[in-house]
Asker: 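One structure is given below, represented as structure tokens, and several questions about it will come after.
For the numbers below, each heavy atom of this structure counts, side chains included, while hydrogens, waters and symmetry mates do not. Computed from a prediction, not measured in an experiment: that's the story for all the values here. Counting begins at 1 with the first residue of the sequence.
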Amino acid sequence: MSRRAAGEHPPENDLPPIELDTSSTELQLRIFKQSWKNVSARHPIGSIENPPDIVTLADFASAILERRLTDVVRYRRQAKLADKSLGPFSKDGGGAHLINGIKEGGKSLKSSSSAQHNNDRILLTSRCRSQLRKFVKHIASMYHDNNYHGLEHAVHVTMSANKLLDMLQDGSVESLDSSNEDFMASEPYLKAQQSEDDNMVDSLMRNGSKFSATSETASKSSSSSSLTPRTAHQHNQTYSDIFAKFAFVFAGFIHDVDHQGVPNARLVEEDDPICNTYGRISVAEKHSIKVAFRTLNESDYDEFRSTVYETNEDKLRLHRIIHSLVLSTDIASPERMRETKKRWHEAFSRPVQDHGPLAFSRLSLAGKNTATKEIATVQASKLQLVTCDVDTIRREGKRGELLMKRNSISTRTLQMEGGQTVEYFATSSNEDDIKTALRHSVMLETMLNVADVSHAMQSWELFCFWNRKLYEELYSAFKSGRSDNDPSSGWYQNELNFFRGYIIPLSEKMKKSGVFGDRGEEWVKNATRIRDRWKKEGKRVSKEMINAVRKDFE
């Protein structure tokens with residue numbers, strides 16, 4: 001099988017713009033139709049032969065980012081049209097099914113008026129698409145040739161993160177007709193309706209919802225010449241959701257860029273120069289964030305960047321989501337794990353009234369819990385149990401004036417590109433709103449944690465493949481003198497410890513959160529199935545793997 005389908009992507013300078021009726025590429029359809037168990041850029045899955053090259057991996061990442069960014073721009077366009085009194089629904093049915101903002105079938109959307117400029121049909125310009133792909137290749141080139149924390153891992157995390165967004169919608173709407181292949185293939189599902197006057201309608205994107213225009217809703221929407229405050233709020237929340245989904249897959253792609261193939265503890269021990277910049281906690285993750293935004297700010301990506309950042313609020317929104325998500329992937333840090341434990345407990349320890357679909361971008365921070373518990377953390381492949389007090393003193397403040405106070409919502413400080421420091425807060429004083437915002441933030445972080453170790457919750461073949469890649473990386477560090485631990489010692493048992501202390505509890509969070517509906521048990525079932533098979537076959541697999549890797553290094 002060729003690594004690139006014929007005609008899949010023309011040269012970057014020749015990329016056509018993405019318009020309102022642009023169809024998906026074959027690669028995009030292939031990615032979005034993969035099942036959770038089979039998420040992979042390799043064919044066949046789990047094969048150690050014929051690894052994908054950097055161009056192929058960059059194509060996979062570009063396809064996902066491009067589709068999620070198209071959703072963002074499409075919704076911005078629709079919101080502006082709604083603000084010009086076009087109304088959210090037309091009076092009659094028909095039209096096309098859109099998946100992630102790109103037409104899959106049916107009629108093309110037509111312009112809202114005969115006077116509309118042709119450029120209004122363009123969602124992503126040729127230059128934006130070219131710069132997006134150039135940016136992806138630039139980031140890809142900065143991934144080291146590590147066995148595990150390399151480009152292929154980043155793309156696998158990105159693909160898994162993207163699939164989790166699909167599964168979030170699939171599992172959260174129990175009333176949908178599962179035979180609707182267009183809807184189930186991807187998310188968010190948009191239903192475009194075409195009026196007799198050929199006016200373009202505002203396709204209302206709601207996370208986990210499927211809307212059809214009725215004569216009643218059309219009448220209600222057309223009765224107002226502008227968005228009501230409630231409708232405006234819903235549009236703002238929906239836009240935030242869609243933007244956060246782009247940020248989510250963006251975080252998956254950049255989360256390990258420039259990773260050196262050794263854990264943070266080793267970087268601190270070696271007094272690596274990046275420790276002088278980022279301190280002694282989560283230094284690799286902070287460095288990856290810095291590298292990603294420094295690259296994005298280069299002049300070569302002006303149009304791509306301006307498409308992502310339509311407003312300064314967008315810029316802050318992307319920075320804070322990426323900051324929160326990427327730091328959450330440092331599962332070897334006891335400090336980070338303590339914060340994760342606190343935030344999860346606060347978010348899901350008590351019921352909260354549901355005010356609508358998950359608004360992922362509404363970030364708030366610490367939680368409260370006075371219990372002292374053992375928290376499982378992971379250093380390389382070895383498990384540690386750290387006893388710690390998970391009580392916290394949180395802060396609230398106005399315009400930089402901070403007040404130490406218990407049982408209040410805390411701030412998080414964010415250093416953006418250029419050195420400016422921003423502190424951001426929950427924007428609501430309503431306790432349920434604050435709790436809901438915290439749940440959204442924590443759930444998104446949990447989902448990226450799952451994507452980061454998704455191989456342990458997907459299939460046996462993927463688990464064995466990435467298990468070996470991790471072993472190769474740790475063994476390489478040991479042989480090169482950058483680790484004092486020979487990973488071959490106790491590998492089988494360490495993997496069981498990893499399942500017990502991290503993978504199974506993480507998979508259970510996906511179920512307990514309740515946001516995946518009937519699919520919430522899938523991660524627990526997969527992880528348990530893989531763990532049980534490892535118990536039976538792991539000693540043999542470990543022995544064969546260790547011998548094979550040792551020969552490779554001779």
Asker: Do H138 and D300 have side-chain atoms, one donor and one acceptor, less than 3.5 Å apart?
Answerer: no
Asker: My understanding is that only residues two or more places apart in sequence, or in another chain, count here; which of them pass side-chain contact (heavy atoms from CB on, under 4.5 Å) with S299?
Answerer: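 Only D302 meet the side-chain contact (heavy atoms from CB on, under 4.5 Å) criterion with S299.
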Asker: If only atom types and distance count, is the side chain of S160 paired as donor or acceptor with the main-chain N or O of S454 below 3.5 Å?
Answerer: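 The answer is no, because no donor-acceptor pair under 3.5 Å joins these two groups.
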Asker: Between the main-chain N or O of R68 and the side-chain N or O of K245, is there a donor-acceptor pair closer than 3.5 Å?
Answerer: no
Asker: If you take all heavy atoms of G261 and N146, which pair is closest and at what distance?
Answerer: N-ND2, 3.5 Å
Asker: Check the orientation of W36 and W523. Use parallel for under 30°, tilted for 30 to 60°, and perpendicular for over 60°.
Answerer: perpendicular
Asker: Can you check whether L123's main-chain N or O pairs, donor with acceptor, with R77's side chain at less than 3.5 Å?
Answerer: no
Asker: Between H153 and G150 (side chain of the first, backbone of the second, donor and acceptor by atom type, cut-off under 3.5 Å), is there such a pair?
Answerer: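 Side chain of H153 to backbone of G150: no pair is present.
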Asker: Please check this pair: side chain of K163 against backbone of F32, looking for a donor-acceptor N/O pair closer than 3.5 Å.
Answerer: yes
Asker: What residue among L69, D71, V73 forms side chain to side chain contact (heavy atoms under 4.5 Å, CB included) with I242?
Answerer: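 The option that passes is D71.
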Asker: Parallel, tilted or perpendicular, judged at 30° and 60°: which one describes the rings of F246 and F304?
Answerer: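 Perpendicular, since the angle between the ring planes exceeds 60°.
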Asker: For R67 and N162, which I'm curious about, is there any donor-acceptor pair between the side chains at under 3.5 Å?
Answerer: no
Asker: Which of parallel (below 30°), tilted (30 to 60°) and perpendicular (above 60°) describes H149 and H259?
Answerer: parallel
